[in-house]
Protein chains: 2
Amino acid sequence: MTAERTEIHIAFEALELLLKEIFIHNGVSCSTADILAANCAGCERDGAISHGIFRIPGYLASLKTGWVDGHAVAEVSSVSPSFIRIDARNGFAQAALAAAAKDIDTAVARTGIAVVATRNSHHFSALWPDVEPFARRGLLAITFVNGLANVVPHGGHTPVYGTNPVAFATPIAGADPLVVDQATSVMANGEVRLHALANRPLPPGTGVDRAGNPSTDPHQVLEGGALNTFGGYKGSSIALMVELMAGALTGGQLSFENDFGDCIGAQTPKAGQLLIVIDPDRGGNFGFSRRVALLCDRLREAGQERLPGKRRYESRLNASQLGIPILEEDLRYLETLADHNAFVS
Amino acid sequence: MTAERTEIHIAFEALELLLKEIFIHNGVSCSTADILAANCAGCERDGAISHGIFRIPGYLASLKTGWVDGHAVAEVSSVSPSFIRIDARNGFAQAALAAAAKDIDTAVARTGIAVVATRNSHHFSALWPDVEPFARRGLLAITFVNGLANVVPHGGHTPVYGTNPVAFATPIAGADPLVVDQATSVMANGEVRLHALANRPLPPGTGVDRAGNPSTDPHQVLEGGALNTFGGYKGSSIALMVELMAGALTGGQLSFENDFGDCIGAQTPKAGQLLIVIDPDRGGNFGFSRRVALLCDRLREAGQERLPGKRRYESRLNASQLGIPILEEDLRYLETLADHNAFVS
């Protein structure tokens, strides 16, 4: 038992390769496996462990049951010089976004803005990997994703929204980008599942049980219960905005329309994603990133200790020096999935 | 005293005309007076009284001291087919937006999207009047405004943000548009000022005093203190996003850069506004407004009693039948401002 709980370290590239093998061995095309593996290994590396290897069984269950198509080829349509629509064809959202990369670049270069509306997509990861790369190139990016209905609107008793995260990223002069990624629920779903695994109670106000009563039991929240939106009615309105942008505007499904049917064990949400990329310097507004740096300085002076995303960068730096910390038993498990396609739901 | 506190009713058009006269008599051009009067009378009509006639002394103080230019003519630049930059030239944001109306229409017609970045502008009203008209034409609109630094970031002790509201509006099939307008502070500043006028304590958690300690005294919050962001660190990140979008991306001032200098009594914030207008049906996504209607139905079924904006529509309907309720003393006061240019700060 002691041996099994041993923490070891693995290089990013090694974890990425292992995850790629797992995805390929479980029905994902090579190009999509590349994208998902880099994404998932990146989450593990950055300490976003609720979106790291912890999610692999969920990915595989969705693939195994046919709920998601690992071989989907997204259809990208530039419906205007600035507006891109993507039909992900029931594939993963990250692959759809990658398929539109050139069109996004073209739109931003030509018009200073790209609106990317993806439908029929499964987004089962963190959102920051979708926006951070744009900020590294001097662009501002903001994105919204809806999901599985497991969040009650403020004042309500039945789940309507997904955890409906919002992410945005901007360059900061002389520093890593500022990257925010947060669910509009009190807690992200992956965090609740980590609490459930550890049998750790949730903070009061996090969610409700099946009957709509407040509950701090992560199992009750996950099994027929639901999460609350953050910040009362105002947070609920932000969740609504995300649902409208990511679900309705994209032509995708609304969170409450997910119905797994015979796909027992499937976990990925079939929903939509809206991404807006803006060149902040378009039109003579030079020096945007220096202005952001000034704002960040002021926030630190005002006493805000951590700017959003700082913890991820710290984990990333540590991982680049020491490797990614991972339990030996988890690594062995991943190896079985890669070698033998041995996953049983 | 009893006579003075009498509530009377005034027709929308009569209030609008009176307010227009006040603005013109206090240094506002005729076209801008039209816009501000319709906006302010609309707030009063819709029960958004913290942005109604209550704001007139603030408008006039800013005008009287030269802090804002009531005769400013905004410079509108279409920097791409979808991207419009506006220099409001130290005038009111609503007049700047009106000046760009044709360009916005052209951008949305051509590309399905308009990004409107306004700088050097004063936004002293509610945000919903800026977005609701787009939704009435079948468009989705979202806007962000920064302001005067009177909100502390989560975990901080000094104000950095304005109340930094977000508003968005979408059409709903068969109903008035869905319109959200909310500050990212726990409470809007106008609400705090209404509490101060009434000597009514604030709910716990609303703000801090000059020393950064929690306070429920609206006077302490207004005089050297500050408001908290809603929803803890997540709400604080939304306030940050607004500051970046409305302040930095537009090329405008950041909230903490407002310095009234010799303009004693001026109240309007010199800041920026970002507006994004999207044609949700562009690119074959027909039926958006019916999808929104479906979502709204589900929210009501889930137990959410009031959809955002419902109260405003109720007030508007009442006012259309009975007139706008207003205190007789307030009306007399407004009349003095219109007739005699008699305002003393």
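A quick note: this is a predicted structure, and the numbers were derived from the prediction, not measured. Here is how names work: the chains are called A, B, and so on, in the same order as the sequence lines, proteins then strands, and each is numbered from 1.
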Indicate yes or no: at least one non-hydrogen side-chain atom of A:I238 is less than 4.5 angstrom from one of B:V180. no
Which region of A:E257, side chain (C-beta onward) or backbone (N, CA, C, O), has a non-hydrogen atom less than 4.5 Å from a non-hydrogen atom of chain B, or is it both or neither? side chain
For a quick test of reading the model, state the closest non-hydrogen atom pair linking B:F230 to A:G231 and the distance between them. CD1-O, 3.7 Å
Taking every heavy-atom pair that is under 4.5 Å apart, which of B:E301, B:M241, B:Q304 has the most such pairs with chain A? B:M241
Taking every non-hydrogen pair under 4.5 Å, which of A:G155, A:P308, A:G283 racks up the most with chain B? A:G283
Pick from B:A302, B:A107, B:G156, B:S77 with the largest number of heavy-atom pairs that fall under 4.5 Å of chain A: B:A302
Contact part of B:I84 toward chain A, heavy-atom cut-off under 4.5 Å: side chain, backbone, both or neither? neither
For B:L294 and A:F256, work out which heavy atoms get closest and say how close. CG-CZ, 4.1 Å
Any side-chain heavy atom of B:I142 sitting closer than 4.5 Å to one from A:M245? yes
With a 4.5 angstrom heavy-atom cut-off, is it the side chain or the backbone of A:T170 that approaches chain B, or both, or neither? side chain
From the list B:G247, B:A248, B:G251, the residue making the most non-hydrogen contacts under 4.5 Å with chain A is B:A248
Which region of A:S289, side chain (C-beta onward) or backbone (N, CA, C, O), has a non-hydrogen atom less than 4.5 Å from a non-hydrogen atom of chain B, or is it both or neither? neither
Taking every non-hydrogen pair under 4.5 Å, which of A:T184, A:T158, A:N285, A:V79 racks up the most with chain B? A:N285
Using non-hydrogen atoms only, which part of B:H157 is less than 4.5 Å away from chain A: side chain, backbone, both, or neither? both
Select one option (side chain, backbone, both, neither) describing which atoms of A:R298 are under 4.5 Å from chain B's heavy atoms. both
Among B:L295, B:V115, B:L178, which has the most heavy-atom pairs under 4.5 Å with chain A? B:L295
For A:R311, does the CZ atom have more than 12 heavy-atom neighbours from other residues, nucleotides or ligands under 6.0 Å away? no
Greater than 12 external heavy atoms within 6.0 Å of B:R290's CZ: no
Considering all heavy atoms, the nearest B:Q182-A:K234 contact: NE2-O, 2.8 Å
Please look at A:E305 and chain B and tell me whether the side chain, the backbone, both or neither of the residue comes under 4.5 angstrom of a heavy atom of that chain. neither
Tell me, side chain or backbone of A:Y161 under 4.5 Å from chain B's heavy atoms, or both, or neither? side chain
For A:R119, is it the side chain, the backbone, both, or neither that has a heavy atom closer than 4.5 Å to a heavy atom of chain B? neither
Non-hydrogen atoms of chain B under 4.5 Å away: do they reach the side chain of A:L307, the backbone, both or neither? neither
Per-residue contact mode, A:L140 against chain B (heavy atom under 4.5 angstrom): side chain
Heavy-atom check, side chain of B:T111 versus side chain of A:I113, under 4.5 Å: no
Does any heavy atom of chain A fall under 4.5 Å from the side chain of B:R110, the backbone, both, or neither of them? backbone
Tell me, out of A:L249, A:V152, A:D281, A:V160, who's got the most heavy-atom pairs with chain B below 4.5 Å. A:L249
Could you check which of A:S78, A:G284, A:A183 has the highest count of heavy-atom pairs closer than 4.5 Å to chain B? A:A183
Has B:R282 got its NZ or CZ under 6.0 Å from the middle of the six-membered ring of A:F83, at an angle within 45 degrees of the ring axis? no
d(A:H154 NE2, B:R306 CZ) to nearest 0.5 Å is 13.0 Å
Counting a contact as any heavy-atom pair under 4.5 Å apart, which residues of residues 270-280 of chain A contact chain B? A:I276, A:I278, A:D279, A:P280
